[in-house]
Chemist: 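Pasting in a structure now, in structure tokens, and then I'll have a few things to ask.
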Amino acid sequence: RAVRLMLLAEAEGLMGAGRLEESLAAAERLRAAAELYGEEDLLATALFIVGMDLHHMGRPVASERRLTATVDLGMQERLAGARTATGYSVVPAGLGYSALNRWFLGYPDKAVARSAEAIGRAVESGDRFGQVLATVTGAILLFLLRDGAGYAERCEQGRRVSAQFADFPF
């Protein structure tokens, strides 16, 4: 498990550095290893990272497939511990990025519903990282929808949540 957690750290670090192709490769290695060892929490996380990488690479259809799989897997009751393995819940994070994909694919109403679901699930689970990520992706969506008041409100919401812990300054 320690080796797979190192793969997770590698994929996230590469993504954070903007090295998306390398991050995608590391996340795919993590996905394969998590499947092999039956570690569904790491599988859901790997699918999420693959989905985020593909989203940032401008591939919303492929990203949406991975994020839908992430959310479907993460919603299963037996994955309640997934948040503790990764530090955040993949469900609100996956829903937030899925909302942006749906906007890019031409489904603004579905994007708004997905964004609201992301925030609701993050609040419901008490996942502050998920709340910040969901509000930030929600703010981006509102910006794309040209909803200035909604955008400002969502940004303020993200600022309030992120101010609760110093190591996550959105």
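Count residues from 1 along the sequence. Given the structure is predicted, the values throughout are model-derived calculations rather than measurements.
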Chemist: What about V136 and L100, same hydrophobic cluster or not, with Ile/Leu/Val/Met/Phe/Trp/Tyr joined at side-chain heavy-atom distances under 4.5 Å?
Modeler: yes
Chemist: Hey, any chance V123 and V90 share a hydrophobic cluster, counting ILVMFWY side chains that come within less than 4.5 Å of each other, even indirectly?
Modeler: no
Chemist: Taking all heavy atoms of A93 and all of L133, pick out the closest pair and write down the distance.
Modeler: CB-CD2, 3.4 Å
Chemist: For the side chain of S162 and the backbone of G158, is there at least one donor-acceptor N/O pair under 3.5 Å apart?
Modeler: yes
Chemist: What are the two closest heavy atoms between A44 and L73, and how far apart are they?
Modeler: N-CD2, 3.6 Å
Chemist: Checking side-chain contact (heavy atoms from CB on, under 4.5 Å) for the pair R121/D127: CA distance, chi angles, key distance, verdict?
Modeler: CA-CA 9 Å; R121 292 216 181 260; D127 179 8; over 6 Å; no
Chemist: Indicate the atoms forming the closest heavy-atom contact of C155 with A139, along with that distance.
Modeler: SG-CB, 3.9 Å
Chemist: Does R66 use its side chain to pair, donor to acceptor, with the backbone of A62 at less than 3.5 Å?
Modeler: yes
Chemist: Measure centre to centre between the rings of H55 and F48, then say whether the value is under 6.0 Å.
Modeler: no
Chemist: Are any side-chain N or O atoms of S63 and backbone N or O atoms of G51, one a donor and one an acceptor, separated by less than 3.5 Å?
Modeler: yes
Chemist: Once rounded to the nearest 0.5 Å, what's the spacing between atom CG of L47 and atom CD of E35?
Modeler: 7.5 Å
Chemist: With rounding to the nearest 0.5 angstrom, report the CG to CZ distance, L24 to R31.
Modeler: 10.0 Å
Chemist: Is it true that R154 and Q157 share a donor-acceptor pair across their side chains at a distance under 3.5 Å?
Modeler: yes
Chemist: According to a hydrophobic-cluster definition based on side-chain heavy atoms being under 4.5 Å apart (Ile, Leu, Val, Met, Phe, Trp, Tyr only), do I140 and L145 belong together?
Modeler: yes
Chemist: Are D53 and R19 close enough, and set up right, to give a salt bridge (charged side-chain N to carboxylate O under 4.0 Å, His left out), and what steps lead you there?
Modeler: CA-CA 9 Å; D53 285 336; R19 295 165 56 187; over 6 Å; no
Chemist: Any chain of hydrophobic side-chain contacts (each under 4.5 Å) joining V132 to I119?
Modeler: no
Chemist: Verify side-chain contact (heavy atoms from CB on, under 4.5 Å) between S98 and V71, making sure each step is shown before the conclusion.
Modeler: CA-CA 9 Å; S98 174; V71 170; 5.8 Å; no
Chemist: Of the non-hydrogen atoms in I49 and S23, which two are nearest, and what is the gap between them?
Modeler: CG2-OG, 3.9 Å
Chemist: Can you tell me how far the CG atom of L67 sits from the CZ atom of R114, to the nearest 0.5 Å?
Modeler: 8.5 Å
Chemist: Is it the case that atom CD in E153 sees more than 12 heavy atoms from other parts of the structure closer than 6.0 Å?
Modeler: no
Chemist: Could you walk me through whether R29 and E10 pass the side-chain contact (heavy atoms from CB on, under 4.5 Å) check?
Modeler: CA-CA 11 Å; R29 287 193 311 274; E10 177 186 359; 3.3 Å; yes
Chemist: In Å, rounded to the nearest 0.5 Å, how long is the span from CH2 of W103 to CG of L141?
Modeler: 8.5 Å
Chemist: Within the distance-only criterion (no hydrogens, no angle test), does the side chain of D147 pair as donor or acceptor with the backbone N or O of L142 below 3.5 angstrom?
Modeler: no
Chemist: Are F104 and V112 linked, directly or through other ILVMFWY residues, by side chains that come within less than 4.5 angstrom of each other?
Modeler: yes
Chemist: Quick one: pull up CD in E124 and OG in S89 and give me the separation to the nearest 0.5 Å.
Modeler: 10.0 Å
Chemist: Judged by atom type as modelled, is there a donor-acceptor pair below 3.5 Å linking the side chain of T135 to the main-chain atoms of Q131?
Modeler: yes
Chemist: Has R4 got its NZ or CZ under 6.0 Å from the middle of the six-membered ring of Y37, at an angle within 45 degrees of the ring axis?
Modeler: yes
Chemist: Let me confirm one number: the CG-OG1 distance from L95 to T70, rounded to the nearest 0.5 Å.
Modeler: 9.5 Å
Chemist: Quick one, E21 with M57, criterion side-chain contact (heavy atoms from CB on, under 4.5 Å). Give me CA distance, side-chain angles, the key distance, then yes/no.
Modeler: CA-CA 9 Å; E21 292 285 346; M57 295 166 81; 2.8 Å; yes
Chemist: Can you give me the closest heavy-atom contact between A46 and A27, atom names plus distance?
Modeler: CB-O, 3.7 Å
Chemist: Which residue pairs satisfy the salt bridge (charged side-chain N to carboxylate O under 4.0 Å, His left out) criterion with at least one member in residues 89-108, sequence neighbours excluded?
Modeler: E64-R102
